[in-house]
2 protein chains.
Amino acid sequence: MATHFQGSPAEISSLNVFITLFRAADTIQSRFARHLRRDGLTGPQFGVLESLHHLGPLEQHVIAEKLLVSRGNITFIVDKLEQLGLIARAVITEDRRCNRVTLTPKGSEFIARIFPEYAAYIAEIMSGLTEDERLALTCLLKKLGKHNNQEIAS
Amino acid sequence: MATHFQGSPAEISSLNVFITLFRAADTIQSRFARHLRRDGLTGPQFGVLESLHHLGPLEQHVIAEKLLVSRGNITFIVDKLEQLGLIARAVITEDRRCNRVTLTPKGSEFIARIFPEYAAYIAEIMSGLTEDERLALTCLLKKLGKHNNQEIAS
DNA sequence: CACCAATAGTTCAATCTTAAACAATTCAAG
DNA sequence: CTTGAATTGTTTAAGATTGAACTATTGGTG
């Protein structure tokens, strides 16, 4: 994209980040999704299970915010996982608008079993970088993300 | 995700990159898509127009490879842009399996007019980083992407 | 208390995307 | 040449995702 574009240096370097960011994310996402399909999961389904696994029971809107998907989509995803018997909804008394989503024993066993495989797979995906590079990359991406989260709020 | 996960340092830093990469990409993608909607475009539609604008006429499979979407999806996207009168298909004589996609005068005028706005918008998105940081980030992401493209081939 | 805005979850229509099967064409080995 | 493999684009069915409208509930203000 930027290759044949005439602009200021800041515009050119920005376009290069933009392109490279999405190409890397798409490539990795595609690899990861193909892996998930073997376990019959989509990315967001895995995200919900993983969130509950590491953070405990969560309300639906918290999950939506965490995974950056719409509330309507969370309803859909939670429906699927509930049909699979991996999670359960529970209305909470303090605020009856909310559903608290929890892992069932089956779901808990499932995510605990498969998560280490995915952690190892992600480590392989990132093994093209050194430890220092991974830390630096995380730092830069966090800074970039923070800048753009603030922009949304405003 | 990595916050409550016990693993090797390489696994933890890898998970951190993974999470941060997708959060940043999703946040930015969402901002960008909202901007595109005002011009009645989706991300991939913009990608097709921009590719043709900067690279000249391209065959469909080249566009698919470049944008990392399926061939079937390119058929769909090109259909849409053709209905809008922004691009045209042309069968080429050297290989009659291929369609060469070109910008119409209307499409060419359109992308030439809106592209600078988006370049400026992307520069704003990336303005949370310094020039050096943008260059470093691009470098790291390219290295990461290259590693994972090779893996797909094998 | 009464009312109105804000919030949580659901539903629905529209759109996007993919994978797989298919037809047409090209290429390569014999 | 001819046959079989590979490639290009299209079609189709299935599924994912969003935004908007809707209901139920909560919270705050007068």
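Letters go in sequence order (proteins before strands), and every chain restarts at 1. Below, all heavy atoms of this structure are taken into account, side chains as well, without hydrogens, waters or symmetry copies. Source: prediction; values computed, not measured.
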* Structure fact -> Atom CG of B:L36 and atom C1' of D:dT18 are separated, to the nearest Å, by 15 Å
* To do: Ignoring backbone atoms, test whether B:H61 places a side-chain nitrogen or oxygen under 4.0 Å from the OP1 or OP2 oxygen of D:dT7.
  => no
* Asked: Does B:R89 have a side-chain nitrogen or oxygen under 4.0 Å from the phosphate oxygens OP1 or OP2 of D:dT10?
  -> yes
* Measure from CG on A:D79 to C1' on D:dA16 and round the result to the nearest Å. => 13 Å
* Do you know which of A:I114, A:I77, A:L81 makes side-chain contact (heavy atoms from CB on, under 4.5 Å) with A:L49? -> A:L81
* Would you say the side-chain atoms of A:N16 pair up with the backbone N or O of B:L135, donor to acceptor, closer than 3.5 Å? -> no
Each nucleotide N or O in nucleotides 3-6 of chain D that has a protein N or O under 3.5 Å away: list the pair and distance.
none

* Compare the minimum distances between each of C:dA19, C:dG9, D:dT10 and the side chain of A:R37, then state the nucleotide with the smallest one. => C:dA19
* Side-chain N or O of A:N73 less than 4.0 angstrom from OP1 or OP2 on D:dA16? -> no
* For C:dG9, take OP1 and OP2 only and decide whether either is under 4.0 Å from a side-chain N or O of A:N99. => no
* Structure fact -> A:I92 CD1 to D:dT25 P, in whole Å, measures 14 Å
* Between A:T93 and A:F76, which has a closest nucleotide on DNA chain D that is more 5'? -> A:F76
* Spacing between A:K80 atom NZ and C:dT11 atom P, to the nearest angstrom -> 14 Å
* Counting side-chain heavy atoms from C-beta on, which of C:dT10, C:dC16, D:dT8 comes nearest to B:C98? -> D:dT8
* Spacing of B:E65 atom CD relative to D:dT7 atom C1', expressed in whole Å -> 12 Å
* Have A:S30 and A:R34 got a donor and an acceptor in their side chains that come within less than 3.5 Å? -> yes
* To do: Without swapping roles, check the side chain of A:S108 against the backbone of A:P105 for a donor-acceptor pair under 3.5 Å.
  => no
* Separation of C:dT26 P from B:E59 CD (nearest whole Å) -> 12 Å
* Could you tell me the separation between the CG atom of A:D26 and the P atom of C:dT17, rounded to a whole number of Å? => 10 Å
* Is there side-chain contact between B:K66 and B:L55, with heavy atoms separated by less than 4.5 Å? -> yes
* Asked: Counting heavy atoms not belonging to A:E65, are there more than 12 under 6.0 Å from its CD?
  -> no
* Asked: Would you call B:E117 and B:R38 a salt bridge, taking side-chain N to carboxylate O under 4.0 Å as the test?
  -> no
* DNA chain D: A:I77 or A:D95, which has the more 5' nearest nucleotide? -> A:I77
* Asked: Among B:L140, B:L137, B:T138, which one satisfies side-chain contact (heavy atoms from CB on, under 4.5 Å) with A:T20?
  -> B:T138
* Asked: Please give, in whole Å, the distance from D:dG27 C1' to A:R96 CZ?
  -> 14 Å
* To do: Could you work out which one of D:dG9, C:dT11, C:dA8 sits closest to the side chain of A:T75?
  => C:dT11
* Selected nucleotide, minimal atom distance to B:R71 side chain, candidates C:dT10, D:dT10, C:dC16 -> D:dT10
